[in-house]
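For reference, the structure is listed below as structure tokens.
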Amino acid sequence: MTNDLTARTCLWFNDQALPAAEFYCSILPDSRIEKVSHYPEGQEMAEQGSVMVVAFTLAGTPYLALNGGSHFVLDEAVSIAIETRDQAETDRLWAALADGGGREGRCGWLKDRFGLSWQVVPRRAVELLDGPASTQVWRALMTMDRIVIAELETAARGS
């Protein structure tokens, strides 16, 4: 049986779907805008011709961004998790997502300027949390906003 279905997470924005999708695609490799749909004539949700839905791919994963008005807002119940290769990539993505009005949170979480929550987690942090010193690593992680691999490795060594 052939599967011709595509599952996409839909992110609800008031009116910033296209700028948000463009920004996200600009900071993550293997990302692109696929299609932009506009509100048609004869509907009452938004101005005719304004952006309605943006289909895009982030790091190979498909998403939709909908300009649906102020009925709903993004919150921490949904986030995009990024597993980074190293500290430099972690720092670059953290800075980009926090720029322009983002808000940093604990343990690698932050909200970008559009209100979307992200988790920026280095692969090494995941490895250390699965290792024999997971309790010490967890305690160190709980004190951080942006995750610092060297501090987690120090905690794992017991220093």
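Side chains of Gln16 and Arg113 form no contact here, defined as non-hydrogen atoms less than 4.5 Å apart. The shortest side-chain heavy-atom distance between Gln136 and Arg157 does not fall under the 4.5 Å cut-off. In this structure, Thr6 and Pro62 have side chains that are in contact, with non-hydrogen atoms separated by less than 4.5 Å. Between Arg123 and Thr84, the closest side-chain pair of non-hydrogen atoms is not below 4.5 Å. No side-chain heavy atom of Phe23 sits under 4.5 Å from any side-chain heavy atom of Asp99. Side-chain contact check for Ile80 versus Tyr63: some heavy-atom pair is nearer than 4.5 Å.
Classification of the Phe114-Tyr24 ring pair by plane angle, with boundaries at 30° and 60°, yields perpendicular.
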Begin with the C-alpha distance, continue with both residues' side-chain angles, and end with the deciding distance and a verdict on side chain to side chain contact (heavy atoms under 4.5 Å, CB included) for Lys35 and Val54.
-> CA-CA 6 Å; Lys35 183 178 180 183; Val54 180; over 6 Å; no
Do Leu116 and Lys111 pass the side chain to side chain contact (heavy atoms under 4.5 Å, CB included) test, and can you show the C-alpha distance, the side-chain angles, and the key distance before you say yes or no?
-> CA-CA 5 Å; Leu116 183 59; Lys111 249 188 187 188; over 6 Å; no
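Asn67 places a side-chain N or O within 3.5 Å of a backbone atom of Ala17 that can act as its donor or acceptor partner. Between the side chain of Gln43 and the backbone N or O of Ala46, at least one donor-acceptor pair lies under 3.5 Å. A donor-acceptor pair under 3.5 Å is absent between the side-chain atoms of Ser79 and the main chain of Glu76, judged by distance alone. Within the 3.5 Å criterion, the main-chain N or O of Gly108 finds no donor-acceptor partner in the side chain of Arg146. Here the side chain of Gln87 pairs a donor or acceptor atom with the backbone of Ile147 at under 3.5 angstrom. No donor-acceptor pair under 3.5 Å is formed between the side chain of Thr57 and the backbone N or O of Arg32.
Membership of the apolar cluster around Leu66 extends to Trp12, Tyr39, Met45, Met52, Val53, Leu64, Phe72, as traced through chained side-chain contacts below 4.5 Å between ILVMFWY residues.
Distance check: Trp109 CH2 to Leu97 CG gives 13.5 Å after rounding to the nearest 0.5 Å. One distance of note links CZ of Arg103 with CG of Asp145; it measures 13.0 Å at 0.5 Å rounding. The CG atom of Leu128 sits 8.5 Å away from the CD1 atom of Ile149 when rounded to the nearest 0.5 Å. Rounded to the nearest 0.5 Å, atoms CG (Leu129) and CD (Glu127) are 10.5 Å apart. Rounding to the nearest 0.5 angstrom, the gap separating the CG atom in Leu152 from the OG atom in Ser134 is 12.0 Å.
With sequence neighbours excluded, no residue forms a salt bridge (charged side-chain N to carboxylate O under 4.0 Å, His left out) with Glu44. Annotation: salt bridge (charged side-chain N to carboxylate O under 4.0 Å, His left out) contacts of Glu22 (sequence neighbours excluded): none.
Residues Val120 and Met144 fall into different hydrophobic clusters, defined by Ile, Leu, Val, Met, Phe, Trp and Tyr side chains chained together at heavy-atom separations under 4.5 Å. Note: the hydrophobic cluster containing Leu141 does not contain Leu110 (ILVMFWY, side chain heavy atoms under 4.5 Å, direct or indirect links).
Tested against Ile82, the residues Thr90, Val121, Leu28, Ile27 include a single side chain to side chain contact (heavy atoms under 4.5 Å, CB included) partner, Leu28.
Between Trp94 and Gly105, the shortest heavy-atom contact is CH2-O, 4.0 Å. In terms of heavy-atom proximity, Thr143 sits nearest to Arg106 at O-NH1, 3.0 Å. Smallest separation of non-hydrogen atoms from Ser70 and Asn14: N-OD1, 3.4 Å. The two residues Gln48 and Pro40 make their nearest non-hydrogen contact at CG-C, 4.0 Å.
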